[in-house]
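Chain identifiers are assigned alphabetically (A, B, ...) following the order of the sequence lines, protein sequences preceding nucleic acid strands; residue numbering begins at 1 within each chain.
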Amino acid sequence: MDYNYLAELLFPNIKTTPADMEERYPARELPEGAKVTRFAPSPTGFVHFGGLFPSTVAERLAHQSGGVFYLRIEDTDAKREVEGAAEGLIRTLATYGIEFDEGAILDESGKISDKGAYGPYKQSMRGEIYQTFAKQLVSEGKAYPCFTTEEELDELQQIDKKTEIKNTDWQAEAEKKKAEMLARRNFTIEEVEEHLKAGHPFVIRILAEGNPDNKIKFTDLVKGNIEIPENDEDFVLLKSDGIPTYHFAHAVDDHLMGTTHVIRGEEWLPSLAKHLQLFRYLGFKTPKYMHISQIMKLDDNGNKKKLSKRDMGANMDDYTRMGYCPEAVCEYIMTLLNSNYEEWHTQNADKGYKDFPFNIKKMSVSGCLFDFDKLNDVSKNVISKMDAAYVTEKVTEWALEFDPEFGKALASDKAFAEKIFAIGRGGKKPRKDLATWADAKPYMGFFYDEFFKVEDSYPENFDKADIAATLEKFLESYDEKDDMNTWFDKVKAIADSLGFSPDMKAYKQNPEAFKGSVADTSMFIRVAVTGKQNAPDLYTVMQIIGKEKTAERINKMINSLK
RNA sequence: GGCCCGUUGGUCAAGCGGCUAAGACACCGCCCUUUCACGGCGGUAACGGGAGUUCGAUUCUCCCACGGGUCACCA
């Protein structure tokens, strides 16, 4: 068969050659060891946690090596494309510290535009490039047209699906598919001409010559040495609309754009043989590959499953809603990505995660379970190191969007809010009350009258009269100007006068001798003022809310005890 | 079902032929403490199973089991 003629027949409008493309996209000039990586999402939805993983690795590797990190939009499936998804993706990524040097970026108006010399960075706009290489492959007899329609394929699939219900005969199906594939390869130039004349759509398939019994030895930077069978499937290169499939676009783009390291989820491992074949057919140097393990979750049966888009914790917007700060999420990701990150971080407490020397060798080979407990712990530590002004700003920002009433209260007096968030902050052993911004309200909402309510009641074993007496005496003696020690000495005195031990040691040694201890009398006051048995330091709380309000709340409690 | 990957405590994980098998989270106890939070100390808890190689296997090889992924004109 005259393959050159066939190629001409199929691609009459393509006048460019692979050599033209090589010229248009020359090799990058970068220092030794610089890595070029990319994030290549399809604009079909939101960024999810699983997607943040490989992109964090790619970003770190590129920027740590003085290389280039770029964004390529894989919009080759028009059917699945979601309006505005690409823009959302870019914005979300940016909030998690993933910034691109090159590729599809947002301009001032919030629209996507290209930056860099290797564009366009939207695959839908690179038709000519792909077709140039496809034409080349056809002319070399390495690819061929296939006129089987989508409907015909669907029909075959439906038959298969029916049998699948009753235990698919996988072997029979495989044989059938193989036979169909072989049949597709048998065609004549005349048949092609006829189809074209009739305007029939076609796809371009690769002519696979691999033998699956032969294993390719391959080294993945994460998985290590693996063996994969050669590809023997005539997979589609160009769809009937002239747009490439992922496989073909991956080979062409990553070659032309100079990607040195392809970082992607391990779900791509099974199709690696296809990609290697393509790189060989096209005469491209294969990049290094890193197949990263999936994030898992526990399903209802207690089995690990890939964290899918619908799962809680998948959508990054969920984290925003729940009030997690990006800094914490990034750190959590680092702890999962590099097992020695935490150790490094404790030794370099003042440094950010981007200072951490990320090491490919420290990456886990198996998929890990998403753990909210751990995220919360990381988050508490991260937030405990922030200063009061920053926390105030962030909580307010969050609340204004997700809890407007609370947000308005915070925003109405910034200095007041800041005083509250300053409690126990800044020292060597900072309080760790907040894992999320959403934790703020239950923690300190009582400072505001509109959110104050008596949540905890007094334990039954205390006499109401004692409680009321404590509160009354406290009010009488309370002086806002007292320092913490005199303040507490007064509380002790009240305790003593009512038969409660002012000394904890004495009480513990002989609890029978007292009605209770100063811990209890303190609790009486605490519940009246904060509404809760557990709260930050009572003295400081009173200093912040002021004498008037303190008295008001205590009086109210006294009345309710009568 | 074929193919590929994986399997150390509840979770994340060190380990890369010889260790009382680290550490972190969670959990429990004690201490500190007027509550809480923090902090300190301690505790429960693991190499999926079976062969082989070896003086010696968590570590190397094979088999099995289990888990995951994948088998589209989706990425």
Side-chain angles (χ1 to χ4, degrees), chain A residues 40-44 74-77 79-80 146 148-150 153-154 157 167-174 177 201-205 212 215 220 222-224 226-229 233 235-241 243-247 249-250 264-273 291 293-294 296 298 303-306 332 335-336 339-343 346 362 364-378 380 384 423-424 427-434 443 456 488 491-492 495 502 504 517-523 525-527 530 532-539:
Chain A
S42 57
T44 54
E74 311 231 325
D75 57 343
T76 54
D77 186 5
K79 279 172 278 194
R80 295 202 312 154
C146 167
T148 311
T149 65
E150 237 173 307
L153 285 172
D154 278 352
Q157 283 229 321
N167 246 334
T168 306
D169 186 341
W170 289 90
Q171 201 184 337
E173 188 175 325
K177 276 187 177 169
F202 63 90
V203 302
I204 299 295
R205 288 179 184 274
K215 308 290 181 198
D220 183 275
V222 175
K223 296 281 181 186
I226 52 176
E227 285 195 0
I228 49 175
E233 185 192 332
F235 60 94
V236 173
L237 261 26
L238 243 37
K239 300 184 246 185
S240 54
D241 56 4
I243 302 289
T245 57
Y246 170 85
H247 308 110
H250 154 52
R264 52 166 37 163
E266 67 177 343
E267 71 270 23
W268 288 109
L269 216 42
S271 47
L272 182 59
H291 289 96
S293 308
Q294 298 282 345
M296 316 295 267
L298 239 35
N303 287 325
K304 282 186 178 181
K305 280 276 169 336
K306 176 167 136 182
Y332 175 55
T335 64
L336 292 181
S339 51
N340 57 331
Y341 174 74
E342 282 188 272
E343 194 191 348
T346 51
K362 286 289 182 182
S364 177
V365 192
S366 49
C368 61
L369 220 47
F370 185 89
D371 185 3
F372 267 109
D373 277 334
K374 185 69 184 183
L375 204 215
N376 286 337
D377 180 66
V378 170
K380 279 182 183 177
S384 74
I423 300 174
K428 266 189 189 151
K429 298 175 191 171
R431 294 185 66 94
K432 296 179 180 173
D433 301 285
L434 308 178
Y443 165 64
D456 294 347
F488 194 52
V491 176
K492 282 181 181 168
M504 288 310 287
S517 71
V518 68
D520 299 315
T521 52
S522 297
M523 183 265 287
I525 304 167
R526 185 176 302 107
V527 171
T530 70
K532 304 193 292 186
Q533 289 199 20
N534 304 329
D537 178 64
L538 232 198
Y539 171 79

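Base-pairing analysis of RNA chain B finds the following stems of at least three consecutive Watson-Crick or G-U pairs, with both pairing distances under 3.5 Å: B:1-7 with B:65-71, B:10-12 with B:23-25, B:27-31 with B:39-43, B:48-52 with B:60-64.
Nucleic acid contact class of A/Lys306 (heavy atoms, under 4.0 Å, all strands): sugar-phosphate only.
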For nucleotides 63-67 of chain B, print each protein N/O atom paired with a nucleotide N/O atom at under 3.5 Å, atom names and distance only.
none

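A/Gln533 is linked by a side-chain contact (heavy atoms from CB on, under 4.5 Å) to A/Asp456, A/Pro459, A/Met523, A/Val527, counting only residues two or more places apart in sequence or in another chain. Under the rule for a salt bridge (Lys or Arg N to Asp or Glu O under 4.0 Å), the partners of A/Lys374 that lie at least two apart in sequence or sit in another chain are A/Glu342. Considering only residues two or more places apart in sequence or on other chains, A/Phe202 meets the ring-ring contact (aromatic ring centres under 6.0 Å, His included) condition with A/Phe147. Under the side-chain hydrogen bond (donor to acceptor under 3.5 Å, both in side chains) criterion, A/Lys492 pairs with no residue at all, not counting sequence neighbours. Among residues two or more places apart in sequence or in another chain, the salt bridge (Lys or Arg N to Asp or Glu O under 4.0 Å) test is passed with A/Asp377 by none. With sequence neighbours excluded, the residues forming a ring-ring contact (aromatic ring centres under 6.0 Å, His included) with A/Tyr246 are A/His250, A/Trp268, A/His275, listed by chain and number. In terms of the salt bridge (Lys or Arg N to Asp or Glu O under 4.0 Å) criterion, A/Asp371 has no residue partners (sequence neighbours excluded). Residues satisfying the side-chain hydrogen bond (donor to acceptor under 3.5 Å, both in side chains) test with A/Glu74, not counting sequence neighbours, are A/Arg72, A/Gln123. Applying the salt bridge (Lys or Arg N to Asp or Glu O under 4.0 Å) test to A/Arg264 and every residue at least two apart in sequence or in another chain returns nothing.
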TODO: Could you run through nucleotides 37-45 of chain B and give me one letter per nucleotide, 5' to 3': B if any protein heavy atom sits under 4.0 Å from the base, S if only the sugar-phosphate is that close, - if neither?
DONE: BBS------
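Contact annotation: A/Ser339 side-chain N/O to B/rA14 OP1/OP2 distance is under 4.0 Å. Applying the 4.0 Å criterion to OP1 and OP2 of B/rG15, one finds that A/Lys362 has a side-chain N or O inside that range. Of the side-chain N and O atoms in A/Thr76, one or more sit less than 4.0 angstrom from OP1 or OP2 of B/rA75.
Proximity note for A/Pro270 (side chain, C-beta onward) versus B/rC74, B/rG69, B/rU11: the nearest is B/rG69.
A distance cut-off of 5.5 Å between ring centres, combined with a plane angle under 30°, places A/Phe488 in a stacking arrangement with the base of B/rU34.
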